[in-house]
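What follows is a structure written as structure tokens; I'll ask about it next.
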2 protein chains.
Amino acid sequence: MKRSDVSLIALRRILRATELYGRDLARAAGLTPVQIRVLQIVAETGQSTPKAISARMGVSQPTMTTLIDRLVAKGLVERRRSEADRRQMNIFVTEAGREAIARAPDPLHDRYVAAFEALPDWEQAMLVAALERVAGLLDAGHLDVAPVLDLGDIRKAPPAN
Amino acid sequence: MKRSDVSLIALRRILRATELYGRDLARAAGLTPVQIRVLQIVAETGQSTPKAISARMGVSQPTMTTLIDRLVAKGLVERRRSEADRRQMNIFVTEAGREAIARAPDPLHDRYVAAFEALPDWEQAMLVAALERVAGLLDAGHLDVAPVLDLGDIRKAPPAN
DNA sequence: CATAAATGCTTCGTAAAGCGAAAAAATGAC
DNA sequence: GTCATTTTTTCGCTTTACGAAGCATTTATG
């Protein structure tokens, strides 16, 4: 078997493990995986806009509206019209939202970090190098599909987010 | 920043790239990402059962029934009652199903494999070892996948930088 | 043999997630 | 002032997902 195939199988195991585990965790927290992700993205900077979040998650704006609707209904985020540009909505995490995030830890975080930090130093270094390499390979492939950040954009304006 | 955090960020880049790219590809092929996955699982061995597929995908049986319904409606798979145990349904890929798979390449496969195989030999070995290691860390809590780690290979890999 | 229990799948009802088309509201350019 | 653009929402639809209940079949138990 080719080594590229072996690496693909390992990659799929990673994808599968995170997906299944994420579903379990979300269920335990009373949220869906998607809701947790939206919440985390907003919480990173404390506020965001529907447009920015949808771009970040690779989802359409109408979809983001409904996702935010649900989080608002649960009292985890709130909408406030932007003062600067009144077309925009600013999304803020509420106190309840912060608590929800704290209760619903990152799907990857707990299990993985504990195991990772138990590894010997040289192995940690190897894993970091390898993961960044693979992420680079995959990101590069994705750029072909959506070459958003080309020179034109760089010339025009500093990237948001 | 801790190395576990750096590795988590890389992992998230990997997850994000595969998710976004998978959605694009599925759309281009006229199938949804989930439908492609079901089809691929069935095609691996040419046949399977709803129970087995649902277990493999981490999804309930009712969900699998509706997924198979859609694939049957599209003529990509067919149901046949098992002779050995008439409670079971066997799912077979049709010729049209095989063609659909051929037209809708694996979200990861094409670009990644090309990039991977262009890497020098030692780096391929390092990536395989690292990915299997990470997959092992993540699946550790999950029952089904055999966490067979070839420690020999890992120790042979040169420590990154 | 008979019947109770377990297994495998489907149906039903409900909810979440996703999209495109188009409406609404504000901005910016002319 | 008017028109094009941007940002978000509304509407209608499909897909994905689950639990509960139901049906047919097989296996276990008396």
Original post:
Given side chains that start at C-beta, do those of Met89(A) and Arg81(A) come closer than 4.5 Å, heavy atoms only?
Top reply: yes
Between CG of Asp85(B) and C1' of dT27(D) the distance, given in whole Å, is 10 Å
note: Leu71(A), atom CG; dT9(D), atom P; distance rounded to Å ~ 13 Å
Taken to the nearest whole Å, NZ/Lys51(A) to P/dT6(D) is 8 Å
- Query: Can Glu44(B) and Arg12(A) be counted as an ion pair, charged N to O under 4.0 angstrom?
  - Reply: no
Hey, does Gln88(B) reach any base, or is it just sugar-phosphate, or nothing, if we go heavy atoms under 4.0 Å?
-> sugar-phosphate
Note: for Asp69(B) and Ala84(A) on DNA chain C, the residue whose nearest nucleotide lies more 5' is Asp69(B)
To the nearest angstrom, the CE-P distance between Met89(A) and dA25(C) comes to 12 Å
For a quick check of understanding: with a heavy-atom distance under 4.0 Å over all strands, which category does Pro50(A) fall into, base, sugar-phosphate or nothing?
sugar-phosphate
Short side-chain N/O contact from Arg87(B) to OP1 or OP2 of dT26(D), under 4.0 Å: no
### Query
Has Arg81(B) got a side-chain N or O lying under 4.0 Å from the OP1 or OP2 atom of dC9(C)?
no
Asn90(B) atom CG is separated from dT25(D) atom C1', nearest whole Å, by 15 Å
note: Gln61(B), atom CD; dT7(C), atom C1'; distance rounded to Å ~ 9 Å
Q.
For a quick check under 3.5 Å, do Glu78(A) and Thr94(A) share a side-chain donor-acceptor pair by atom type?
A. no
**OP:** For Arg37(A), answer base if it contacts any base atom (sugar-phosphate contacts may also be present), sugar-phosphate if it contacts only those atoms, and nothing otherwise; contact means non-hydrogen atoms under 4.0 Å.
**Re:** nothing
Is the positively charged end of Arg3(B) above the ring of Phe116(A), judged by distance under 6.0 angstrom from the centroid and angle within 45° of the axis? no
Any sub-3.5 Å donor-acceptor pair from Gln35(A)'s side-chain atoms to Leu71(A)'s backbone N or O? no
The side chain to side chain contact (heavy atoms under 4.5 Å, CB included) partner of Ser48(B) among Ile53(B), Ile68(B), Val38(B), Val93(B) is Ile53(B)
All N/O pairs under 3.5 Å across the protein-nucleotides 12-16 of chain D interface:
from: dT16(D); atom 1: OP1; to: Thr32(B); atom 2: OG1; distance (Å): 2.1
from: dT16(D); atom 1: OP2; to: Gln35(B); atom 2: NE2; distance (Å): 3.4
from: dT16(D); atom 1: OP2; to: Arg70(B); atom 2: NE; distance (Å): 3.4

task: Would you tell me whether Tyr112(A) and Ser7(B) have side-chain atoms, one donor and one acceptor, within less than 3.5 Å of each other?
output: yes
